[in-house]
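All figures in this text were calculated on a predicted structure; none of them were measured in a lab.
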Amino acid sequence: MKKVVLLLSLAIAMVGCGKSNVFLQEWDTPYGIPPFDKIKIADYMPAIKAGIEQQNAEIQAIIDNSEAPTFENTVAAYDRSGAILEKVSNVLFNVSESDYSPELNAIVEEATPLISAHGDNIMMNPALFARVKAVYEADQSALSREEQMLLKDLYEGFVRNGVGLDEAGQARLKEINSELAALALTFGNNLLAQSNAFKEELGFSVSSYYDKMASEPDRALREKIFRMYSKRGSNGDAQDNNAIVLRTMELRIEKARLMGYETPADFILENKMAGNPSAVDAFLKNIMDAAMRRAKEEVADMQKLMDKDAAAGLVPAGSRIEPWDYMYYAEKVRRERFDLDEAKISEYFKMENVRAGVFATASKLYGISFEPIQGVALYNPECEAFKVSDSDGSLIGVIITDYYPRDTKRGGAWMTNFVNQCGDVRPVIVNVGNFNKPTADTPSLLTIDQVETMFHEFGHALHGLLSQCKYKGTSGTSVKRDFVEFPSQVNENWAFEPEVLATYAFHYKTGEVIPSELVEKIQAASNFNQGFTTGELCAASILDMKWHELSSIEGISVSEFEKKVCDQMGLIKEIIPRYCSTYFNHIFGSSGYSAGYYSYLWAEVLDKDAFELFKQKGIFDPQTAMSLRRNVLEKGGSEEPMTLYRAFRGADPDPGALLRARGLE
């Protein structure tokens, strides 16, 4: 009777405040797209509080159930809980990242500690854990494999979130989690402010940094750009992130110790594919050594061109390649060696055409189709939405694209869900980028890197769209961090295949398909500059690991620590990590990739090994493509990652596939 009264009271309260709050109503919108035009700033906090109350009541109902714990009345019931909180959180945090406003940020700052505390209260609830533990320790033979995985992940989630700690330990862990959430939010806000200051000073966004550094002939200006870019978050001003980095690591170390681990890396990696820090360190060292051997050759080639410039009086005599010279002189070497002009290539990469090529590739591989959705309100006018259907006409989901930079959007590119796939509920997914904007004279023309990024993020989207899981906790990208990049990275491999280029690479003025000689040049140059490209990525991965392998921050300075780590890894002075600590948003603006940035390279072993199979069978071989769809893209986290990979590939991945693909063997 108690739980009936509790849920009835909550329902009455929600009906009362839900008359005008869109998050407390059913959405009568095309394909479940959030009704963005009806959402008001004032809706968020009441909905978050109502969502917390709803889930608390649902959790209490699970606990109060007089029946013996079963998968259905405990684990599945928990997976179904929290619908309102999920609905509002998916919109709030996604929009705040891509269409920031001070008002929205104030909501995020208010909501974050509430949601953090709510999550802690659930994961430290002894009565709920007792029921989950009873199911976990019972005979699981009648459960499906997906149910076993959901149960395992939930049980381990409780254990790894402090349910076994004493009262004082739990209280301290809650304090740590709350402070970490606030620090991550401040870090991200500081970085956005610094990135906007960069644009205001220099006239272009940080997303154009690499292109600008490759094309800017003024060496003094290149140095200025480099120093502003690499000093973001480390200027001793109100947006300085040095103290945040150190405090974040101090708290992560304390949390790891509280949970019984020596370092954050030990704690974080225990349930990942890699398993432990030493496996990651050995993996990265092998790649870094190969990358630096190549990078030294690249510097020698560039120095020859700089010496010619010195002889011509273009740079002072005796000038040596510096970090702000690398991309500029690498581009000069590439032009000389391959006669490849990226500006000319970009004329064939009109954004709309590339996106059509991304869609066409997925259609040919997986039998799906795309249709623009007209007349639906989205969170920003630059966004576009597409209905995705299967070969039998059934709905797969919705993909929203949001590709252009703006001051209200953080840098980078990503995929997230507005609606998660679960049973018959089909997902609504967004791909966000910061690609070249159209101008008054030209449409959006993408660089080679931006084309690859679009294919990459759509690989994540496919992982979410094609999901066919019964439970939220296993669907889509709910997989181990060092596996989640496999679907995205394997999708990159089709981007510059001649057969694929012919479907989208049309000159934006003439409509001419990209000439075969340009395709050959793109292919020939595909592994050019891999010392730099692989080196900066691997360096950031090692920097991330070394932060999280610390057992104390006593006496540490962020800049001195970075220098020491870079020296130890053998990073040459002409290259810096892709992300330095004070703008390493992946690991300090969130915890998603902490001790996990290596995942891009780890997953690349799988993706290159997988594409070797496609190259053997044919890049559009229907049997191989359908195997990838059925065994990986539809499965989410319903099975262990290597089991899924072996089901697709028929074998373990070849560790040498990555170095072969990058030409570093």
For [X] and [Y], does a side-chain donor sit closer than 3.5 Å to a side-chain acceptor?
X	Y	answer
Asn242	Asp240	yes
Glu562	Ser559	no
Thr401	Asn431	no
Asp266	Thr263	yes

field: Sidechain N-carboxylate O distance under 4.0 Å for Glu254, Arg257
entry: no
query: Thinking salt bridges, do Arg247 and Glu179 make one under a 4.0 Å N-O criterion?
result: yes
Does the side chain of [Y] come within less than 4.5 Å of [X]'s, by heavy atoms?
X	Y	answer
Tyr261	Glu270	yes
Ser81	Ile59	yes
Asn121	Lys174	yes
Thr442	Asn436	no
Arg410	Tyr100	no
His463	Val479	yes
Tyr31	Val428	no
Val565	Ile542	yes

For the residue pair [X] and [Y], categorise the inter-ring angle as parallel (less than 30°), tilted (30 to 60°) or perpendicular (more than 60°).
X	Y	answer
Tyr579	Tyr597	perpendicular
Phe418	Phe36	perpendicular
Trp602	Tyr598	perpendicular
Phe370	Phe458	tilted
Phe359	Phe386	perpendicular
Trp324	Phe226	tilted

message: Taking the ring of Tyr600 and the ring of Tyr593, is the distance between their centroids below 6.0 Å?
response: yes
- prompt: Can you list the steps and then say if Glu86 with Gln55 is a side chain to side chain contact (heavy atoms under 4.5 Å, CB included)?
  reply: CA-CA 10 Å; Glu86 178 184 331; Gln55 191 166 30; over 6 Å; no
Residue from Lys224, Met327, Arg222 passing side-chain contact (heavy atoms from CB on, under 4.5 Å) with Glu216: Arg222
statement: Which of Val95, Leu185, Ile115 passes side-chain contact (heavy atoms from CB on, under 4.5 Å) with Val108? Answer is Leu185
Closer than 3.5 angstrom, by distance alone: can the side chain of [X] be matched with the main-chain N or O of [Y] as a donor-acceptor pair?
X	Y	answer
Asn380	Glu382	yes
Asp544	Ala595	yes
Ser116	Pro113	no

Write down the atom of [X], the atom of [Y], and the distance for their closest heavy-atom approach.
X	Y	value
Thr582	Phe187	O-CZ, 3.3 Å
Asn241	Thr186	OD1-O, 4.5 Å
Ala193	Gln239	CB-CG, 3.7 Å
Ala42	Pro46	O-CD, 3.1 Å

message: Before you tell me yes or no, could you show the steps for Asn105 and Glu109 under side chain to side chain donor-acceptor pair (under 3.5 Å), namely the whole-Å CA-CA distance, both residues' side-chain angles and the distance that decides it to 0.1 Å?
response: CA-CA 6 Å; Asn105 188 60; Glu109 289 181 345; 3.3 Å; yes
Residues in ring pair (Phe, Tyr, Trp, His ring centres under 6.0 Å) contact with Phe204, at least two apart in sequence or another chain: Phe198
query: Who are the ring pair (Phe, Tyr, Trp, His ring centres under 6.0 Å) partners of Phe561, not counting sequence neighbours?
result: Trp547
query: Run the side chain to side chain contact (heavy atoms under 4.5 Å, CB included) check on Tyr229 and Met213 step by step: do they pass?
result: CA-CA 11 Å; Tyr229 182 87; Met213 292 296 282; over 6 Å; no
- prompt: If you draw a 6.0 Å radius around NZ in Lys437, do more than 12 non-hydrogen atoms from other residues or ligands fall strictly inside?
  reply: yes
query: Just wondering, are more than 12 heavy atoms of other shown residues or ligands nearer than 6.0 Å to NZ in Lys231?
result: no
task: Could you go through the side chain to side chain contact (heavy atoms under 4.5 Å, CB included) check for Ile39 and Tyr379 one step at a time?
output: CA-CA 10 Å; Ile39 296 171; Tyr379 63 87; over 6 Å; no
message: Before you tell me yes or no, could you show the steps for Glu156 and Asn271 under side chain to side chain donor-acceptor pair (under 3.5 Å), namely the whole-Å CA-CA distance, both residues' side-chain angles and the distance that decides it to 0.1 Å?
response: CA-CA 9 Å; Glu156 291 179 354; Asn271 68 342; 4.7 Å; no
- prompt: Would Leu85 and His118 satisfy side chain to side chain contact (heavy atoms under 4.5 Å, CB included), going step by step from the backbone distance to the final call?
  reply: CA-CA 11 Å; Leu85 187 59; His118 175 62; 3.5 Å; yes
Spatial distance of atom CE (Met249) from atom CG (Leu180) [nearest 0.5 Å]: 9.5 Å
